[in-house]
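From a predicted model like this one, the values you see are computed outputs, not experimental measurements. The figures here come from the full heavy-atom set of this structure, side chains too, leaving out hydrogens, waters and symmetry mates.
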Amino acid sequence: MAAVAQCVRGALRPRLPLLSVALRTSPRLLCAATQQKNTGQNLEEDQSQSQNEQKVEPSSAEKLLAEEKAKLEEQLKEVTEKYKRALADAENVRQRSQKLVEEAKLYGIQSFCKDLLEVADILEKATESVPKEEIKDENPHLKSLYEGLVMTEVQIQKVFKKHGLLRLNPVGAKFDPYEHEALFHTPVEGQEPGTIALVSKIGYKLHGRTLRPALVGVVKDA
């Protein structure tokens, strides 16, 4: 055993100077390692802070973008609503204009028709004034004149009908203030009150609109 211990001491003796040198230089190595460690930690902290800043900056930018998007969407909504209202107004104007044009086409001849009604009234009175018993072959001139008046009256009524002008001869019909004008009220036996007993002047309607009301006498209660 003593021999073994001596051999170990002999083997370690040459290495003692190296161990002492290592011990003397170890504080510097430890300091350098510590500095490197601190430097690594600082770098990690800087990188972490930089990443945090980068994370904060995009969130602020996203917030600004979201606000800007909301504003643009609101503006788009307002513009869309104005556009729809403008379209609706334009469509209403178009429809009103079209209706006015159609009414002008239908009722543009209204004044002209009123003037022709006077001619029709004269023809009607002329044919009614001729005694029927005088219309004989012995009176060829009177007969020809009467037939000419009747034909003229028939033709003018055809022209009136072609242009939407229709007669109103409402004997026996219910009184309608939109189509008839009452001249008098009188009791008539056998007729219902409120009906028309007499037509003093024929009325006319143009395309369903009363152009001239019929002048009538209305039945009332006895």
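Contact detail for E179 and T210: the closest heavy-atom pair is CG-OG1, 3.8 Å. A pairwise comparison of heavy atoms in V199 and P170 identifies CG2-CD, 3.7 Å as the closest pair. The heavy-atom pair separating D137 from P140 by the smallest distance is O-CD, 3.4 Å. Of all non-hydrogen atoms in K174 and I196, the two that sit nearest each other are O-CD1, 4.3 Å. Counting all heavy atoms, side chain and backbone alike, H207 lies closest to Y107 at O-OH, 3.4 Å.
Checked for salt-bridge contact, K105 and E102 miss the test: no charged N lies under 4.0 Å from a carboxylate O. A salt bridge links R212 with D121: the closest approach of a Lys/Arg side-chain nitrogen to an acidic carboxylate oxygen falls below 4.0 angstrom. Salt-bridge annotation for E138 and K143: absent, with no side-chain N of the basic residue lying under 4.0 Å from a carboxylate O of the acidic one.
F175 and H180 have tilted rings, their planes meeting at an angle from 30° to 60° on a 0 to 90° scale.
No side-chain donor from either of E153 and Q157 sits under 3.5 Å from a side-chain acceptor of the other.
Hydrophobic clustering (ILVMFWY, side-chain heavy atoms < 4.5 Å, transitive): L149 and I122 are in distinct clusters.
The main-chain N or O of I202 is never found under 3.5 Å from a side-chain atom of N169 such that the two would form a donor-acceptor pair.
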